[in-house]
Structures are given as C-alpha cells and as structure tokens.
2 protein chains.
Amino acid sequence: MDSDKEVTIYDLARKLNISIATVSRALKDDPVVSKKTKKKIADLALEMGYRSNNFARNLRTQRTNTIGVIIPRINSYFMSAVIAGMENVATSEGYNLIISQSSESVEKETANAVTLFNNRVDGLLVSLAYDTDSLTHFEPFIKKKIPLTFFDRTVDQKDSTCIQINNLKAAYEATTHLISQGRRRIVHITAPPKRNVYVDRLQGYKQALADQRIAFRQDYVIVGNLSQEAGADAAAHIRQMKPFPDAVFAANDNCAVACMLALKQMGVRIPEEIAFVGFNNDPVSTVVEPNLTTINYPGYEMGQVAARNLIDRLGGTSGIRPTNTIILRSELIIRESSIGQKTV
Amino acid sequence: MDSDKEVTIYDLARKLNISIATVSRALKDDPVVSKKTKKKIADLALEMGYRSNNFARNLRTQRTNTIGVIIPRINSYFMSAVIAGMENVATSEGYNLIISQSSESVEKETANAVTLFNNRVDGLLVSLAYDTDSLTHFEPFIKKKIPLTFFDRTVDQKDSTCIQINNLKAAYEATTHLISQGRRRIVHITAPPKRNVYVDRLQGYKQALADQRIAFRQDYVIVGNLSQEAGADAAAHIRQMKPFPDAVFAANDNCAVACMLALKQMGVRIPEEIAFVGFNNDPVSTVVEPNLTTINYPGYEMGQVAARNLIDRLGGTSGIRPTNTIILRSELIIRESSIGQKTV
DNA sequence: TCTAAAAATGTAACCGATTACAATTTTTTT
DNA sequence: AAAAAAATTGTAATCGGTTACATTTTTAGA
C-alpha cells in the first residue's frame with residue numbers, strides 16, 4: 001500500500017485529525033502533550049512505518065548530530081582502535097562519525113576540513129598530519145564556535161581541548177629503563193620533531209640521559225617517517241655506527257620491529273648486543289622475538305574519551321568546563337627485548 | 001561583519017539583484033546560466049563566504065550523498081585497510097561514510113541498520129556478523145531500492161552485489177601447497193561455518209584433501225572465533241592430538257600466529273614438526289618466526305572496489321548492469337612456515 | 001526590420017520538520 | 001456555577017535550497 005512514499009508527520013496528523021505541531025511534539029516526547037495523544041500518535045507512527053527526516057530537522061534546528069574526524073591514516077593498529085572507541089561512544093549517543101584521512105598531507109587535511117565544515121559537523125576530532133604547522137584551516141570552526149578537539153597529535157590552541165598521554169614521561173621512563181639495564185649508547189628513532197608527540201618523546205629521552213649524566217648526541221637521533229622501511233633504513237644506518245649503539249628507543253612499534261628484524265638478519269643479537277624499546281603496544285610487539293618492550297598507549301580508550309568529551313561540550317550549557325587538556329595513563333611494559341645487561 | 005550569520009543564496013541574490021533560482025543554478029554549474037552571471041555569483045559567493053546547506057538540498061532532493069557501512073569490527077588490519085580504501089574513493093566522489101560496528105552481534109547489526117536507514121543513507125556496504133542468518137533487517141533497504149553491497153562476508157541476495165575473493169580456490173591452493181610439502185595430517189582452524197568465507201575455505205580445504213586422496217577427518221577441524229585466544233586454545237588442543245598433526249591451515253593470520261607462538265612455547269618446531277598457513281597477509285605474518293605462509297587478501301582494494309561499485313549504482317541510469325558478484329584476485333604467498341618436508 | 005527560436009532569468013511551490021505565539025479545553029478555586 | 005489557572009492543542013512562519021513552468025531577453029533567419 002504505502003510501500004514507496006515516505007510517511008511524514010503530515011500523514012500522521014491527517015489520519016488522526018490533529019495538527020502537525022502536536023504530532024511533532026509527541027514524537028519528541030515533549031511533556032506538554034498528553035499521554036493519551038502521545039500513545040495514539042506513537043502507535044500510528046509505528047503502524048504506518050513513520051521515520052523522522054533528519055534533514056528537515058537539521059535544516060530547522062541547525063544541528064547535524066554529526067562529528068567529523070580527521071586522522072593521518074586509518075589503517076594502523078593504534079588509529080583503528082581509536083576510531084573503534086569513538087564509534088562506540090558516538091553511536092550510543094546518537095551521533096554519526098564522518099571519518100577522513102589526511103594521508104599526512106597538509107593539503108588533504110585542509111581539503112578534509114573544508115568538506116567537514118560544509119557538512120556542518122557539530123564538532124571536530126583531529127589528529128594532525130606530520131608537517132601541519134599552520135592552523136588556518138581550522139579557523140572557520142573556531143570562528144563559528146564549533147568545538148574542536150585534538151587527540152594524540154595535538155597542538156596548543158586556546159579554544160580547543162587536547163586528549164593525549166604524557167609522552168615526555170613515557171619516553172623518560174623508556175629511556176631510564178634502558179639506562180638501568182646498563183645501556184649507554186641509546187639511539188632514538190623518531191619522526192621529524194614537529195608534532196608534540198615526537199617533540200615530547202625526544203625531550204623525555206634527552207632528559208633521562210641528562211639525569212643519568214649521559215651526554216646527548218645529535219647523531220644518535222635517527223629521523224624518518226616511522227614506517228617499516230624507515231625501520232629497515234635505520235638498521236642499515238645503525239650497523240655503520242661506531243661505536244655500535246647498545247640500545248634503541250623507537251617512537252613506534254612497527255618501525256622498531258622492522259628495525260629489529262633487519263638487524264637480526266645481519267646477525268646482531270637482541271637484546272644482548274642491542275636492546276629495544278618501542279611505543280604503542282601494537283600486537284606485533286608480542287610476536288616479534290624477542291618480545292618488544294614498549295609503552296602501552298590506550299587507543300580505544302582515547303577514542304572513547306575524545307568522543308565523550310566532545311559530545312559533552314556539544315550538549316553542554318555553553319561556557320562551562322573549558323577543560324584544556326586530558327592526559328590518559330600510559331605505562332611501560334617490559335618484555336625481553338630490553339632485559340639484561342649487555343653481553344658483548 | 002558577517003562573522004556569525006550564515007550566508008544563503010537569498011543573500012547572494014539580494015546583493016546582485018537577481019533571483020535565487022539563478023543563484024542556485026549558477027552554483028550547481030547549470031549550463032543554462034550564462035558564463036557572465038556565473039562568474040559574478042561565484043565571485044560574490046567566495047567573497048561573502050557562502051557555503052551550501054546540505055540539509056536544505058537533501059531535504060529537497062531526497063538524497064544524502066552518504067554511504068552507510070556496517071562491519072563486525074574496525075580494529076583489525078584487514079578491516080581498517082578496507083575502510084581506508086572506501087574512504088579514499090568516497091571522499092574523492094563527494095560521498096561521506098558513516099561507519100558502524102556490529103561487534104559480531106546480530107542485534108547490534110540490526111540496530112545499526114535501523115540507524116543508517118533513518119539517516120537516509122543512499123547506499124549500504126555490509127560485511128556480516130558471524131551468526132547473522134536472517135536478512136530481515138535489510139529488507140527496508142531492499143524495499144526502498146537502496147543499493148546494498150556485501151563485501152568479504154557476503155550472502156547471496158538477488159538485489160545486491162557481492163565483492164569477495166575466491167575463498168574456495170584460495171583455501172584449495174593453501175591446502176594443496178601443504179600437501180605438496182609432504183603434509184598429510186592437516187588441521188583446519190576456522191570460525192563456525194556459517195559465513196561464506198568460512199564455508200568456502202572449509203570446502204576448499206576438503207576438496208584439496210579429496211583430490212589428493214586424503215581422508216577428511218571432522219576432528220581435524222577446530223572451530224573457534226579466530227581470536228588470538230582461540231589460536232592459543234587450538235594449540236593446546238593440537239598438542240593432545242594423536243597422532244600429532246603435521247600442518248595447520250588457519251582461516252586468519254592473527255589466530256595462526258597465536259597458535260604458532262603457543263606451540264613454539266611448548267617446544268614444537270615449525271615447520272619441521274608442523275607447518276603453518278594463514279589467511280589475510282596481515283603484517284604480523286612477516287614478523288613471526290618463521291614467517292607465515294598466507295593468502296594475500298587485498299583489503300584496501302576491496303574497499304575501493306566496493307565503494308566504487310556502489311557509487312556507480314547510485315549515479316547510474318537505473319537498471320543497468322546488475323552485476324551480482326565481483327571476485328578480486330588473491331594469491332598464496334609462500335614463506336618459511338610451510339616449506340620443506342617434515343623432519344620428525 | 002520583423003519574427004521565430006534559443007538562451008537566460010524569474011516566480012512560486014515544495015521538501016518535512018520546529019517552535020513562538022495564539023486559541024481552546026480541562027481542571028481547580030472560590 | 002462562574003472565574004481563574006493550568007494543560008493541551010492549533011496556526012503559521014521558518015530553515016535554505018531545487019525545479020517545473022512562465023516570462024523576458026538575446027540571437028538568428030528571412
């Protein structure tokens with residue numbers, strides 16, 4: 001019968017011989033409508049297969065119940081866990097997520113921001129690309145007071161919230177741990193120190209060295225893009241270094257593992273000759289041999305917290321709680337790759 | 001000045017003293033509008049910071065430029081690669097993706113379908129939960145002729161397209177490869193054979209055995225949820241089996257790797273005592289020792305193809321090309337975990 | 001130069017909800 | 001039972017576009 005045409009509040013109103021205003025209110029469970037009428041309307045709505053039209057509502061209310069997400073790339077263990085956490089919270093709160101990837105390019109990040117802006121997202125969750133340094137592409141959001149939350153790769157911006165871990169402390173602990181195992185010539189593999197996460201990790205590394213009276217050497221910092229290839233390249237580089245380093249602290253497990261595999265291939269023994277600590281607690285860290293010591297980085301939880309925080313700000317009676325930074329707990333997980341004194 | 005209020009086509013029209021119809025057409029690049037007027041309007045739009053309101057448009061056109069995605073879970077290497085591929089195509093075609101996870105539960109899958117239906121998605125991309133067997137929750141889409149595409153975990157449904165690989169052939173090749181290496185007592189670790197992917201892989205496994213005149217044994221099929229725990233459980237189970245199996249073909253790399261690690265822990269040598277083949281070509285397959293032989297499953301490409309196909313159907317002059325099934329290429333990648341004759 | 005055809009622009013209805021304000025009905029108070 | 005207060009329901013404007021159809025302007029042909 002009504003198989004094709006959408007049912008609207010007009011249809012319901014006509015059938016019950018009441019006004020659309022009452023129908024609209026009843027469907028929203030407005031307390032001003034009597035229980036009897038509400039029941040009548042709800043029943044008919046069900047019977048006729050009514051479904052509300054979000055576009056009409058959004059057009060009128062100027063809200064979209066949509067959250068935009070911009071991330072470097074989705075297909076990494078960490079990031080997909082974050083997204084899973086966000087989806088979990090968003091769905092349960094009636095929000096939709098629009099996810100877009102910047103592929104580590106400022107241009108794509110900008111294009112994505114424009115798209116999301118035009119899609120009228122209610123809020124934005126962002127993890128920045130490697131070399132984004134200007135934030136002009138987020139200004140339209142700030143001007144329109146659209147809440148903006150940075151997570152993981154954050155940046156200090158007075159109108160926005162940051163969700164992150166204490167990267168400095170985590171790196172400090174990782175490095176201190178290596179030193180406690182008798183290591184002195186510790187190489188740090190990381191990405192260009194532009195993003196907070198890499199700056200802070202480098203800083204933590206340096207501070208740990210300083211606190212243990214070990215001189216920092218710039219040539220011990222290997223900068224790349226933290227990919228598996230970068231890990232292999234780092235291994236080739238390390239192989240040439242004299243004296244041979246006795247430990248590696250990498251800013252990412254994937255890269256650390258690739259580096260380990262390459263060194264093993266060359267006949268280097270881990271951890272006897274060179275110890276390893278990674279970052280993220282990616283599943284590969286428990287597969288590689290020896291198992292990789294790493295920093296547990298709670299991605300799923302970070303996604304949940306970021307989404308929850310943003311949604312709170314959206315619903316919030318404007319103005320309250322301008323929380324600026326939320327730090328999640330992270331911890332060093334010690335495994336075989338870094339245990340024991342050097343034996344060579 | 002105009003810092004807060006949104007600019008609409010009415011504002012543009014008033015300023016230029018023309019009708020909103022012309023403005024609307026010009027912004028859509030309708031050929032019926034003269035180049036001169038178009039330029040005038042485009043310039044002013046830019047100057048005034050006009051942005052089109054999708055809700056008004058969607059309300060009127062009854063299209064949303066949004067694609068719904070339902071997947072078991074996003075945080076696996078394979079699935080995040082699929083999503084990345086979809087995002088890539090969707091964004092470049094001006095579509096948004098709404099992603100929701102079923103967490104392998106029919107109830108959540110149903111709830112997600114309802115949500116996406118109410119969000120008026122233009123099309124739907126689905127990979128089914130383990131134990132979904134009724135498709136009633138997709139009927140509203142079919143009735144409304146909203147294109148529905150299944151990928152990976154598909155189901156035969158006359159109105160919808162399926163994107164998959166030839167699981168039977170892949171499993172056949174994997175099993176045949178093991179047999180060619182002299183293995184005879186081959187265990188198959190998989191999920192309950194409800195979903196096509198597991199049914200077909202089991203079938204391919206059986207067929208390969210049959211073709212090589214090896215008797216199929218039901219007790220050689222270990223059914224679980226393919227998680228890492230399931231892999232460890234399978235290892236414990238295998239350890240008890242007499243005679244000891246000489247090969248394992250697992251329907252998923254993660255599970256295979258967990259099983260390998262557990263067996264290694266028990267002192268079993270791989271591949272000498274027991275060979276392994278996995279499925280998916282997950283990065284861990286090149287980290288575990290020995291490296292895992294596996295089936296390369298092109299996730300990113302599958303995501304691209306699925307999105308492309310759906311978008312084509314959306315834009316398409318209805319009725320053409322009711323492609324029913326698209327098979328992507330997959331291939332066996334032979335690594336150390338399955339090479340060489342048994343030496344025990 | 002005049003007229004028919006083509007090109008460009010305009011008018012107004014429509015998509016489906018929300019909500020301020022007005023009107024009506026019901027309940028309470030006196 | 002009448003008046004006042006409370007509860008309910010209705011009217012109509014509004015959100016910002018799209019598009020069928022009507023009208024005006026421009027171009028081409030005779």
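Atom set for the values below is all heavy atoms of this structure, side chains included, hydrogens, waters and symmetry mates excluded. Just so we're on the same page: letters track the sequence lines, and every chain starts at 1.
Checked for salt-bridge contact, A:Asp43 and A:Lys39 meet the test: a charged N lies under 4.0 Å from a carboxylate O. Using a 4.0 Å cut-off between charged side-chain N and carboxylate O, A:Arg153 and A:Glu104 make a salt bridge.
Contact annotation for A:Tyr10: base contact, defined as any heavy-atom pair under 4.0 Å involving a base atom. Using a 4.0 Å heavy-atom distance criterion, B:Ser24 is classed as a base contact. Counting any heavy atom pair closer than 4.0 Å across all strands shown, A:Arg120 reaches no nucleic acid atom.
Without hydrogens or angle criteria, A:Gln101 side chain to A:Ser103 main chain gives no donor-acceptor distance under 3.5 Å. Under a 3.5 Å cut-off, the side chain of A:Thr91 and the backbone N or O of A:Glu87 do form a donor-acceptor pair.
Between A:Val121 and A:Ile67, the closest side-chain pair of non-hydrogen atoms is not below 4.5 Å.
Using a 4.0 Å cut-off, some side-chain N or O of B:Gln62 falls inside it from OP1 or OP2 of C:dG16. At the phosphate of C:dT19, OP1 or OP2 sits under 4.0 Å from a side-chain N or O atom of A:Lys28.
In this entry the distance linking CG of A:Asn65 with P of C:dA17 reads 16 Å, nearest Å. At whole-Å resolution of the value, NZ in A:Lys40 and C1' in D:dT9 are 11 Å apart. In this entry the distance linking CG of B:Asp30 with P of D:dA20 reads 11 Å, nearest Å. Here the P atom of nucleotide C:dC15 and the CZ atom of B:Arg63 are 19 Å apart, to the nearest Å. Distance A:Asp11 CG to C:dA17 C1': 13 Å, rounded to the nearest Å. Atom CG of A:Asn58 and atom C1' of D:dG17 are 14 Å apart (whole Å). Atom CZ in B:Phe55 sits about 14 Å away from atom P in C:dT18, given to the nearest Å. C:dC15 atom P lies 16 Å from atom CZ of A:Arg51, rounded to whole Å.
Closest approach to the B:Glu6 side chain among D:dG17, D:dG16, C:dA17 is made by D:dG16 (side chain taken as heavy atoms from C-beta onward).
Other residues, nucleotides and ligands contribute more than 12 heavy atoms inside 6.0 Å of the CZ atom of A:Phe78.
The base of C:dT18 lies outside donor-acceptor range of the side chain of A:Arg57, with no N or O pair under 3.5 Å.
Between the side chains of A:Asn54 and A:Asn65, no donor N or O sits under 3.5 Å from an acceptor N or O.
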Inset, instruction - Sugar-phosphate atoms are those with a prime plus P, OP1 and OP2; base atoms are the rest. Using that split, label each nucleotide of nucleotides 6-11 of chain C B, S or - for protein heavy atoms under 4.0 Å, 5' to 3'. - result: --SBBB
